[in-house]
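The structure appears right after this line, and notes come after that.
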Amino acid sequence: MNNSPLSNKNNRESVSISDELHPYNVDNIDGQIQNLLTTMSKVGFLIDVEVINNLEVEVEDLLKKLSVRIFHHIGYDINLNSSKQIAKLLYEDLELPSGKKKKTGFSTDEVTLKKIKKLHPIIPLILEYRTVYKLKSTYLESLRCRIEEDGRIHSTFLLDVASTGRIVSRDPNLQNIPIRGSWGEKIRKAFIVPCEKILIAIDYSQIDLRVLTHFSKESKLIEAFKQNQDIHLSTAMEIFNKKASDITADERRIAKTVNFGIIYGISPHGLSESLEINQKQAAYFIKTYLDKYPQVKQYLDLSRQNALKNGYTETLGGEKRYIPELKSKNHFIRSSGERMAINYPIQGSSAEIIKLAMLDIDCEFVRRKLSSSKMILQIHDELVFEVENEEKDAVIKIVKEKMENVVKLIIPLKVSIKEGVNWGEMTEILKLEMAIK
DNA sequence: CCTGACTCGC
DNA sequence: ATGCGAGTCAGGG
């Protein structure tokens, strides 16, 4: 019986160390995972090119209509892909109120334009044009050109690119395929599996907040996760001092943003921007949060202090990131360093956990000879598999077990599981019709 | 060829 | 002036 949270007896050679600070062994994770990433790249993701082609026609048509309507409104043509020309149109020719200034002129980004959306009918049209053009250029044309002779897209997965230890996908990037809105579903329907196979996607539920809970030992968060509560709702109940049934959708949304903000080391200004509220209110939300979760406050303070003292922060597995910015005399650079000091242990530990789970799963697939099922994609807190129908139950059981038990935190890790015949129509598997362990 | 602006993901 | 990434385009060199 191996007491170590990382009880891999197969081909992980490293010795498990288990102490308070480094509760699991992470010796050379990246070296061990390299082969797996190369295999994932070679396997690739099967694409239904017809779905892409049909969408391209639809999108082409829509872009044409949108540009005609915009040009008809203003009486002349411009390049709608040029933010410089959009700025001239909106802020000079139409004399609309301009927001924040960038290096090269006034901003025309989505947040800015949404604020003046009602002042002129072309603004929603411009926003829609941008969305659809992005889809066409990045996710239709470009992706179609990258389909290889086997009908698949083969992304490259890299370590040693992200400073937090995350895996990076590029050429093409399959970690940022749209998921929200109707376009997200439409594009993801093009990502398919061969007949007799099924797509399985498993993602960690709230892994960053669970890691924060582990580090901070915050009793309220421990309780919430042990009881498997809706964590944003639970935060909303604390911040607004209300019972669950009285929390509105808007209050939950605010709590969700605060939760993310804590992990990113957000300031009242940053929170006010993203919630579109004033800074005083934003500061109040942050203060209330930290009052209600005092161990989180203590952890964050200690995180910054130790980072300054040592010059680095570290993950659960002891991976260090040096942060020289903390000693900068420039306030902006120093604040940025403080945010890195907060964020790195959380994001970096999450990255380690899923990389360890990937290794465990890979080992178990080999051991169980599940040779027709393949891990094809990792998206930070999610793994995607192309699975033989007959192997489905076994795969789900293994992946869930490995992901949830790869390390022992002071609270459980939890995954949610989805299946589908394509990536756009995935349904959650709630009932696990599986044999007893 | 590079940088800035923008938008996509976690 | 909230963390970590990638890709596309315009515009300038």
Side-chain angles (χ1 to χ4, degrees), chain A residues 78-88 100-113 126-127 129-143 145-146 155-181 183-184 187-188 203-209 211-212 257-275 279 282 286 300 313 321 323 325 330-348 350-351 354 377-383:
Chain A
I78 59 167
N79 184 345
L80 294 171
N81 298 319
S82 165
S83 49
K84 195 181 170 187
Q85 292 180 40
I86 296 280
K88 181 184 171 293
K100 58 190 177 223
K101 202 170 162 46
K102 295 291 190 69
K103 282 183 181 176
T104 57
F106 290 103
S107 175
T108 70
D109 69 15
E110 189 178 344
V111 172
T112 309
L113 293 196
I126 291 170
L127 286 169
Y129 177 91
R130 285 232 179 104
T131 304
V132 178
Y133 192 88
K134 173 83 175 175
L135 196 76
K136 167 183 143 83
S137 62
T138 307
Y139 300 111
L140 293 173
E141 288 175 348
S142 181
L143 234 41
C145 291
R146 291 197 162 271
S155 177
T156 304
F157 300 99
L158 301 168
L159 301 159
D160 300 321
V161 173
S163 51
T164 51
R166 276 186 168 187
I167 291 165
V168 159
S169 160
R170 62 160 79 132
D171 304 312
N173 183 357
L174 292 186
Q175 289 176 326
N176 73 343
I177 304 300
I179 187 167
R180 298 174 183 98
W183 293 117
I187 186 97
R188 285 190 175 216
D203 71 289
Y204 276 116
S205 157
Q206 308 295 353
I207 190 164
D208 286 349
L209 286 171
V211 169
L212 172 67
T257 308
V258 172
N259 274 334
F260 279 109
I262 293 294
I263 287 164
Y264 296 154
I266 204 174
S267 64
H269 181 256
L271 187 65
S272 72
E273 286 288 321
S274 67
L275 286 176
Q279 263 194 63
I286 294 172
L300 297 177
T313 47
R321 176 177 180 179
I323 308 175
E325 289 90 343
N330 180 310
H331 177 261
F332 174 71
I333 294 175
R334 207 170 54 245
S335 299
S336 166
E338 286 178 3
R339 291 191 294 273
M340 292 176 202
I342 297 298
N343 180 255
Y344 172 70
I346 299 171
Q347 194 178 118
S350 302
I354 191 160
L377 194 55
Q378 189 256 36
I379 314 170
H380 310 307
D381 64 352
E382 175 183 6
L383 297 175

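In what follows, every chain begins at residue 1, and chains take the letters A, B, ... in the order their sequences are listed. Just so it is clear, the structure is predicted and the values come from calculations on it, not from any experiment.
- With distances taken from any side-chain atom of A:S82 to the nucleotides C:dG7, C:dT2, C:dA10, the minimum falls on C:dA10.
- A donor-acceptor distance shorter than 3.5 angstrom exists from the side chain of A:R188 to the backbone of A:I177, with no hydrogens or angles considered.
- Partner of A:T108 under the side chain to side chain contact (heavy atoms under 4.5 Å, CB included) criterion, chosen from A:R130, A:K88, A:Q85, A:K84: A:R130.
- The listed nucleotides are B:dT7, C:dT2, B:dG9; the one nearest the side chain of A:P178 is B:dG9.
- Residue-level contact check: A:L174 touches neither bases nor backbone, having no heavy atom under 4.0 Å from any strand.
- Residue contacts for A:L135: at a heavy-atom cut-off of 4.0 Å it reaches no nucleic acid atom on any strand shown.
- Distance from the side chain of A:N176 is smallest for C:dG5 among the nucleotides B:dC10, C:dG5, B:dT7.
- Between C:dA1 and B:dG4, the distance separating the two P atoms is 13 Å to the nearest Å.
- Across all strands, A:N343 comes closer than 4.0 Å only to sugar-phosphate atoms, never to a base (heavy-atom distances).
- Backbone-only contact: A:R170 has heavy atoms under 4.0 Å from sugar-phosphate atoms and none from a base.
- Taking all atoms of both residues into account, the shortest heavy-atom contact from A:I379 to A:Q175 is CG2-O, 3.7 Å.
- Closest approach to the A:R130 side chain among C:dC9, B:dT7, B:dG9 is made by B:dT7 (side chain taken as heavy atoms from C-beta onward).
- Counting only heavy atoms from C-beta on, A:S163 has its side chain closest to C:dC4 among C:dC4, C:dA6, B:dC10.
- Within the 4.0 angstrom heavy-atom criterion, only backbone atoms of the sugar-phosphate kind lie near A:Q175; the bases stay farther away.
- Partners of A:K101 according to the salt bridge (Lys or Arg N to Asp or Glu O under 4.0 Å) rule, which considers only residues two or more places apart in sequence or in another chain, do not exist here.
- DNA chain C lies under 4.0 Å from no heavy atom of any residue of residues 103-112 of chain A.
- Regarding contacts with the backbone of C:dA10, a side-chain N or O of A:N79 is found under 4.0 angstrom from either OP1 or OP2.
- Comparing C:dT2, C:dA6, C:dC4 by their closest approach to the side chain of A:Y264 singles out C:dT2.
- A donor-acceptor pair shorter than 3.5 Å can be found between the side chains of A:S155 and A:S169.
- Not counting sequence neighbours, A:K102 has no partner by the salt bridge (Lys or Arg N to Asp or Glu O under 4.0 Å) test.
- When the nucleotides C:dA1, B:dA5, C:dG3 are ranked by their closest atom to the side chain of A:S267, C:dA1 comes out on top.
- Comparing C:dT8, C:dG7, C:dA1 by their closest approach to the side chain of A:S142 singles out C:dT8.
- At the phosphate of C:dG12, OP1 or OP2 sits under 4.0 Å from a side-chain N or O atom of A:K84.
- When the P atom of C:dC4 is taken as reference, atom CD1 of A:I207 falls 18 Å away, rounded to whole Å.
- Among B:dA5, C:dC9, C:dG7, the nucleotide with an atom closest to any side-chain atom of A:S83 is B:dA5.
- Backbone-only engagement by A:K102 is indicated by non-hydrogen atom pairs under 4.0 Å involving sugar-phosphate atoms exclusively.
- Residue A:I263 is classed as having no contact, given no heavy-atom separation below 4.0 Å to the nucleic acid.
- Residue contacts shown for A:R146 are absent, as no nucleic acid heavy atom lies under 4.0 Å away.
- Using a 4.0 Å heavy-atom cutoff across all strands shown, A:Y133 reaches sugar-phosphate atoms only and no base atom.
- For A:H269, counting side-chain heavy atoms from C-beta on, the closest listed nucleotide (C:dA6, C:dA1, C:dG3) is C:dA1.
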